[in-house]
Every structure is written in C-alpha cells, then in structure tokens.
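By convention in this document, chain letters (A, B, ...) are assigned in the order of the sequence lines, proteins followed by strands, and residues within each chain are numbered from 1. Keep in mind it's a predicted model, so treat the numbers as computed, not measured.
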Protein chains: 2
Amino acid sequence: MAEGPTSVWSRPERGARGPAPERSREQLTAAAIELADEGGLAAVSMRQVARRLGTGPASLYRYISARDDLLDLMADAVTGEIDLDAPMSGDPVEDLAALAGRAKEVHLRHPWLLDLPTEPTVGPRGMDYLEHALRALEPTSLPQASRLEIIGLVNGLVTLFARTELQRRNTPDGPGRARTSYLATATEERHPLIAAALAASPGTEASQDTHVLFERMVRRVLTGLVELP
Amino acid sequence: MAEGPTSVWSRPERGARGPAPERSREQLTAAAIELADEGGLAAVSMRQVARRLGTGPASLYRYISARDDLLDLMADAVTGEIDLDAPMSGDPVEDLAALAGRAKEVHLRHPWLLDLPTEPTVGPRGMDYLEHALRALEPTSLPQASRLEIIGLVNGLVTLFARTELQRRNTPDGPGRARTSYLATATEERHPLIAAALAASPGTEASQDTHVLFERMVRRVLTGLVELP
DNA sequence: TAATACTGAGAACAGTGATCGCAGTATTGA
DNA sequence: TCAATACTGCGATCACTGTTCTCAGTATTA
C-alpha cells in the first residue's frame, strides 16, 4: 500500500515497453527554468509548462509524478552550471571560497532558487558538487562527520548573501528611495537607533560591495573551522 | 489608479463608521499560527482560518487585504515571543549572540517561519527586535551603514542553524536510518568522498550538538566583524 | 431622520495540482 | 505471427486555492 517516498532520481525516466515518449525530463526542466527565469517560481505551473511544450497538463505526469519533482530537476540542472573543472589550489579555504563564489553567481542568475521550499533533494549534479567540495576539504584533518556540515554552512552563506545582493539590486538606490515599509514610520521616538542607522545613506564604505564582504566572511568562517579542532 | 503597495501595518485595523467588527487581526493571527504550528504553512488557507473562527473566507478580507498580510502578521507575532527584557552585559558580541540564541528558539518552536517567502515585512515587534539588536551594537564604533547588515547576517545564521537543527530532529537517527535519498545510491564509485563522509555515523564529536556550533559560529563571526574595521 | 460608511457573508470566478479513463502504439513472449 | 502486455498522450474532471462581487444589515455622523 504505502509506496516509499522515492525521489525523481530513483525512478526510471521511461519504461521499455510502449511508444517512445515525445518529450523528455530534460525538456520539461528546460521549459520550467525558462518560465522561472522570466516570471519567478509562481510562473512554473503545470499548465504553463505544458503550454510551452505544446501539450496538456496531464501529459507531464508521464515524466514526473508531482510538481515537486520538477522543482528538484530544476535545482539540479542549474547546479550543473557551477563550473567544477577549475583547477584547485590545494588550499581548502581558498578552494571552497572560490566554489562558493561560483555557486553564488548561479543564485544571482536564477533568483527563484531562493524561493524553493526547504532544500531540494540532491540529484546527480548536486552529488558532483558535493564531491567536489569534499575534495577541497581533503587536505584538512577534519573529522568526516563534520565535513558535510561545513559544506552545508557554506551553502547557507551563499544563499544568505545571494538574497541580500538580490534585494539590494531590486531596491532603487539613492537616499530618496521610497520607503514604503513600516520602517520609515514612527521611528524617531520609540526607535532612535533604527532612525540613526537608516539616516546614514547606504552605499557607504563597508556597505558598498557585498561581494567582498561575502568573500571575507566565507574565508573567515572557513579558516576558523578548518584550523581549529 | 495604482494604489501604492501598502503593508498591513500602515492600514488602519478598522474604520470608525460601521458596526464593531466581530473579530480582530489578533484573532486571525492567532488562529493562523495555531494552524501553522499544527500542519505547516500549507494548512494556513483562508478557508481553514475562517472555519477555525467560525465564519466564511470572504469575511477575512475585512481585516486583511491578502493572505500575505496574514503571513506578515504571523511573523511579527512570533517575533514578539523573543524576550527583549533580559539585561544586557554591555559586550556586543555576547549580547547579540544571546539574542540570536533566543531567536533560534522561536524558529524551532515555529518551523513554518523557515517556509515564509522572502523575508516578511518588518512590523512593530520586528522594529523592537531591531532596535534591541542595534542597542547591543551601540558600544562598538561600527559605521552606521553596516550595523543593519551585521544584524541581517546574524539573522541569516539563525535561520541557517534552525533549518539544520530541524531537519536533524526530523531524521530518525541511528546508523541504519533509511537513506531514501539519491545520496545513498551509486555513491561508492563516482563519489568516494561522499561515501566516506556518510560512512562515519553521525552523532560523533563536533557533529553532535549543533547548538554549541551555532554559538561558536555566531561569536566568531561577530568578533571578526565588530573588532576589525 | 437621512445620508454615509462600514461589516458579514453567500455565491461565484479564475487558476492551481493532480487523477481517471480511454484510445493508440510499441515491445514482448508463445 | 499474433495476442498479451505495458506503456504514452491527453480530454475531462475533481478538489482546492486566493480573491472579488454583491447585497442585506448596522452603527455613526450631519
């Protein structure tokens, strides 16, 4: 009765009996990613994907068993955009930081990645990524158990900084930007420190280039974790 | 024509003319939080909230103008659960770390917080929280512009560690736990390092208590940011 | 008292993910 | 060679979602 919750990756793409499918998971994924790049995750509905492929919604369920499968496929596909062929220096901190930088670029290119519900299942490309990250950590003497956690932490920093960079990009800068948020109102009296922090126009010094902050942060966290027990 | 995108906080809860409303935003919020605590964010549908309040879905729109408003209200309400009355030591790192720890507890108590789409609008309780965090940073000589960013970073660490703690909690431990994920399969040959990392049973040393890792990480990041330029 | 501005809520709409069942087609085994 | 088998495509449809329309009822204001 109770079918085990199998991921897309463990189900075969097609059977061996019937007529050849007219489409492929890869095509579904590509169409979905296009839609998401253009209109966000909300634009990735079964009907929209189907329309873009010139078919009906029901047909998609021959390739995937739920919309979530599609999201997993999308995430894994763009993970494949991370270049893993760049040579490694041998310095774990340096190599992981570089990898994180490339991962962040992918997030900036596909902002919908941040809207995915709780980290998607890791697929083949995700496996390659993980293996690569572990290889960067190989020169260290870290206990096996904590290596995956460190990578998870770095990935978290990636999403964290990607998020702030994206919302900064979408915020029309200049000191006179429209502060529609509640932050603007009723600040002076009950929240003097917030008022002071907001008064300082953004774009000053340390606040300017979040990417260098990102690099610095990742290196700092990594050196701390890699060198100490 | 184009109504400015006003948040819930800037709209009055009720007009002054008609009959007194039979319910309040607070009641809607409480009902929604109950539903979310029980069945996740997906359980918070207009109909479910309405049913719990003994009314129809349409009536809810007298109190909020969209479901997103409800999510904002929920987030702000549970932000209010963070205790801001604990005395501060005067050490910025220590005080912010303590605050972060209390914020993490709230995330563990309300896991749906992690599923909220892109950080909700900051409401009154969020303002108090922010002000409190800024007060902790007051003894430092940090430029105004970067203070908010540091707090954002700490909040990011909170969600990051809350996420890993939650999914560890939901993973039945023991070495023989069912690895339904793709991680288990086809690992040995093409991904030897992943295999090695997985072979080491979790629950060893550094991997054990993520909370101490969290505390250490927050302190490390903060000391690095607070002391340096 | 009349005008006004509100509240409650049933009905309905467009859009969502997903399922069922059936016609058509390629592969298999006898 | 030829049924049996296992698949594909997909129209129709279901349950559910957020949201709006509309209108009767009610409290406040002038």
Side-chain angles (χ1 to χ4, degrees), chain A residues 1 3 5-8 11-29 31-32 35-36 39-74 112 115-117 120, chain B residues 1-3 5-6 8 11-29 31-32 35-36 39-74 112 115-117 120:
Chain A
M1 287 274 171
E3 298 266 347
T6 58
S7 68
V8 213
R11 277 188 308 268
E13 172 143 16
R14 57 158 304 191
R17 258 308 213 291
E22 299 177 3
R23 279 159 276 264
S24 66
R25 278 186 186 164
E26 209 170 344
Q27 288 177 51
L28 297 217
T29 310
L35 285 169
L41 259 201
V44 183
S45 72
M46 291 301 174
R47 278 164 241 263
Q48 298 253 32
V49 174
R51 188 180 314 161
R52 183 157 291 217
L53 293 173
T55 179
S59 305
L60 303 183
Y61 290 87
R62 290 289 171 200
Y63 303 87
I64 56 179
S65 71
R67 180 173 180 266
D68 282 6
D69 286 355
L70 196 51
L71 301 185
D72 285 348
L73 288 169
M74 293 168 68
W112 45 267
D115 297 329
L116 285 179
Chain B
M1 286 279 173
E3 297 266 349
T6 57
V8 213
R11 278 188 307 268
E13 173 143 14
R14 57 158 302 191
R17 252 320 206 286
E22 299 177 2
R23 280 159 273 267
S24 66
R25 278 186 186 163
E26 208 169 345
Q27 288 177 51
L28 297 217
T29 309
L35 284 170
L41 259 201
V44 184
S45 73
M46 292 299 171
R47 277 163 242 264
Q48 297 254 34
V49 174
R51 189 179 314 160
R52 184 157 288 218
L53 293 173
T55 178
S59 304
L60 302 183
Y61 289 86
R62 290 289 170 199
Y63 302 87
I64 56 178
S65 71
R67 179 174 180 265
D68 282 5
D69 286 356
L70 195 51
L71 300 185
D72 284 347
L73 288 169
M74 292 167 68
W112 45 266
D115 297 329
L116 284 180

| remark: Rounded to the nearest 0.5 angstrom, the OG-CG distance for B:Ser45 and B:Leu60 is 9.5 Å
Rounded to the nearest Å, what distance is computed from the [atom1] atom of residue [X] to the [atom2] atom of nucleotide [N]?
{"X": "A:Arg47", "N": "C:dT16", "atom1": "CZ", "atom2": "P", "value": "6 Å"}
{"X": "A:Leu60", "N": "C:dA18", "atom1": "CG", "atom2": "P", "value": "11 Å"}
{"X": "B:Tyr61", "N": "C:dT7", "atom1": "OH", "atom2": "C1'", "value": "17 Å"}
{"X": "A:Ile64", "N": "D:dG9", "atom1": "CD1", "atom2": "C1'", "value": "15 Å"}
{"X": "B:Gln27", "N": "C:dG8", "atom1": "CD", "atom2": "P", "value": "10 Å"}
{"X": "B:Asp68", "N": "D:dG18", "atom1": "CG", "atom2": "P", "value": "10 Å"}
{"X": "B:Arg17", "N": "C:dC6", "atom1": "CZ", "atom2": "C1'", "value": "9 Å"}
{"X": "A:Glu22", "N": "D:dT8", "atom1": "CD", "atom2": "P", "value": "11 Å"}

| message | Return whichever of B:Ser65 or A:Gly56 has its heavy-atom-nearest nucleotide of DNA chain D closer to the 5' end. | response |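 Looking at the nearest nucleotide for each, A:Gly56 comes out on the 5' side.
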| field | Closest-nucleotide ordering on DNA chain D, the 5'-leading residue of B:Ala20 and B:Ala42 | value | B:Ala42
| note | The nucleotide from D:dG18, C:dT7, C:dC20 with an atom nearest the side chain of B:Pro21 is C:dT7
| field | Closest nucleotide among D:dA27, C:dA11, D:dG11 to the B:Pro19 side chain | value | D:dA27
| query | With sugar-phosphate meaning primed atoms plus P, OP1 and OP2, does B:Val49 contact a base, only sugar-phosphate, or nothing at under 4.0 Å between heavy atoms? | reply |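 No contact at all - B:Val49 keeps every heavy atom at 4.0 Å or more from the nucleic acid.
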| said: Counting C-beta onward and ignoring hydrogens, is there a side-chain heavy-atom pair between A:Leu41 and A:Leu71 closer than 4.5 Å? | reply: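 Side-chain contact under 4.5 Å: yes.
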| query | Within the distance-only criterion (no hydrogens, no angle test), does the side chain of A:Tyr63 pair as donor or acceptor with the backbone N or O of A:Arg23 below 3.5 angstrom? | reply |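 Yes, the answer is positive, given that a donor and an acceptor are paired below the 3.5 Å cut-off.
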| said: Check whether B:Gln27 reaches the backbone of B:Leu53 with its side chain - one donor and one acceptor, N or O, closer than 3.5 Å. | reply: no
| task | Evaluate the criterion side chain to side chain contact (heavy atoms under 4.5 Å, CB included) for residue pair A:Arg67 and A:Val44; output intermediate values, then yes/no. | result | CA-CA 9 Å; A:Arg67 180 173 180 266; A:Val44 183; 4.3 Å; yes
| DNA chain C: A:Arg14 or A:Ser45, which has the more 5' nearest nucleotide? | A:Ser45
Indicate whether OP1 or OP2 belonging to [N] is found under 4.0 Å from a side-chain N or O atom of [X].
{"X": "A:Ser59", "N": "D:dC10", "result": "yes"}
{"X": "B:Thr55", "N": "C:dG8", "result": "no"}
{"X": "A:Tyr63", "N": "D:dT8", "result": "no"}

| field | Check: D:dG9 base within 3.5 Å donor-acceptor of A:Arg62 side chain | value |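 When only heavy-atom distances are counted, A:Arg62 does reach the base of D:dG9 through a donor-acceptor pair under 3.5 Å.
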